[in-house]
Amino acid sequence: MTNLDVSRPAAAADDEKRRRRGRWKMLLVVLVCAAPMIASYFTYYVIKPESRNNYGTLIDPRQYPIPDLGSSALDGDRAGLEDYKGKWIMLQVDSADCAAACRNKLFTMRQLRLMQGKDMERIERVWLVTDKAPVETMLIREYDGTDMLRVDAARLKAWLPVEAGGAAEDHIYLIDPLGNLMMRFPKDPDPGKMKKDISKLLRASAIG
């Protein structure tokens, strides 16, 4: 047997060792990069820190990913909740006439976002408009920064969970940065208690 014949298996073994080391290094890099997202996801979906003291109702996010709601911007351009992935979304549902309860929710969402201080940029406010009627221009101006999307009311009703005997219009909802519905606040909520819930989630999450 020549030296060349002996060296071939050895070289092949060395190549295989190098490939294995390369795969392990790549896996380690991926795990290090993904660790913050994995940890935050585990924390607020599995451990659910201080969940017994939550004011809002926690919703299993695996059951409520954002569906196709047939949505569009008020001007008719394509727009949807999926466009906000990577951010937390405070969500309300109302018809375009926006009576007193609707306006109260718009005000509450605006103030809650402001109360988060340096974390306010992690939060978007969205109003899902459930009919084709025009939204009052002064209302749009007053709540500049709240995105308003028209949606198919039937699709929306099939998606949003409500309290027994209630309606989606009763609540403010929270969607996580992964695009899953994960919290529902009660009708006529206490803004101070809502702030505590949202602040806890932002602290626990390394995403969004």
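Between I59 and P161 the shortest side-chain heavy-atom distance falls below 4.5 Å. Residues M182 and T57 form no side-chain contact, since every pair of their non-hydrogen atoms from C-beta on lies 4.5 Å or further apart. W88 places none of its side-chain heavy atoms less than 4.5 Å from the side chain of D119. Considering only heavy atoms from C-beta on, V126 stays 4.5 Å or farther from T146 through its side chain. In this structure, P189 and M194 have side chains that are in contact, with non-hydrogen atoms separated by less than 4.5 Å. Two residues are said to be in side-chain contact when any heavy atoms from C-beta on lie closer than 4.5 Å; M115 and R110 fail this criterion. Using a 4.5 Å heavy-atom cutoff, the side chains of K195 and Q116 are in contact. Contact of the V93 side chain with the T130 side chain is registered, since non-hydrogen atoms from C-beta on lie closer than 4.5 Å.
The hydrophobic cluster containing I140 also contains V129, counting ILVMFWY residues as joined when their side-chain heavy atoms lie under 4.5 angstrom apart, directly or transitively. Cluster membership for L139 and F107, using ILVMFWY side-chain heavy atoms within less than 4.5 angstrom, is shared.
Put simply, CE on M109 and CG on N104 are 11.5 Å apart, with the number rounded to the nearest 0.5 Å. Rounding to the nearest 0.5 Å gives a distance of 9.0 Å between CD of Q92 and OG1 of T108. With rounding to the nearest 0.5 angstrom, the OH atom of Y173 is 15.5 Å from the CE atom of M90. Here the CG atom belonging to D152 is positioned 12.0 Å from the NZ atom belonging to K157, to the nearest 0.5 angstrom. Between atom CG of residue L160 and atom CZ of residue R155 there is a gap of 14.0 Å, rounded to the nearest 0.5 Å. Note that the CG atom of D188 and the NZ atom of K105 stand 9.5 Å from one another [nearest 0.5 Å].
Counting heavy-atom neighbours within 6.0 Å of K193 NZ, excluding the residue itself, gives a total of 12 or less.
The shortest heavy-atom contact between M183 and L58 is CE-CD2, 3.5 Å. Considering all non-hydrogen atoms of both residues, V135 and M148 come closest at CG1-SD, 4.1 Å. Between S95 and W127, the shortest heavy-atom contact is O-CZ2, 3.3 Å. When every heavy atom of L106 is checked against every heavy atom of C98, the shortest pair comes out as CD1-SG, 3.8 Å. Of all heavy-atom pairs spanning L149 and L81, the tightest one is CD1-N, 4.2 Å. Taking all atoms of both residues into account, the shortest heavy-atom contact from S71 to A79 is OG-O, 2.7 Å.
Listed for the S205 side chain is no donor-acceptor partner under 3.5 Å among the backbone atoms of L201. The closest donor-acceptor contact from the side chain of D197 to the backbone of N54 lies at 3.5 Å or more, if one exists at all. Y84 places no side-chain N or O within donor-acceptor distance of the main-chain N or O of E124, the cut-off being under 3.5 Å. Remark: the backbone N or O of L202 is paired with a side-chain donor or acceptor of R122 at under 3.5 angstrom. A donor-acceptor pair under 3.5 Å is absent between the side-chain atoms of D144 and the main chain of R141, judged by distance alone.
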Discussion item. Between L114 and M120, is the side-chain contact (heavy atoms from CB on, under 4.5 Å) condition met? List the steps.
Written reply: CA-CA 6 Å; L114 290 172; M120 63 184 289; 3.6 Å; yes
Discussion item. As a quick check of understanding, evaluate side-chain contact (heavy atoms from CB on, under 4.5 Å) for F185 and H171, giving each step before the final call.
Written reply: CA-CA 6 Å; F185 293 102; H171 305 292; 5.8 Å; no
Item to complete: Determine, step by step, whether R150 and D131 satisfy the side-chain contact (heavy atoms from CB on, under 4.5 Å) criterion, reporting the C-alpha distance in whole Å, the side-chain angles of both residues, the deciding distance to 0.1 Å, and the verdict.
Response: CA-CA 7 Å; R150 294 194 191 277; D131 57 25; 4.2 Å; yes
Fill in: Audit row: I172, L91, side-chain contact (heavy atoms from CB on, under 4.5 Å) steps and yes/no
CA-CA 6 Å; I172 291 174; L91 183 75; over 6 Å; no
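Classification of R78 and D83 as a salt-bridged pair holds, one side-chain N sitting under 4.0 Å from a carboxylate O. Salt-bridge check for R113 with E121: passed, with a basic side-chain N closer than 4.0 Å to an acidic carboxylate O.
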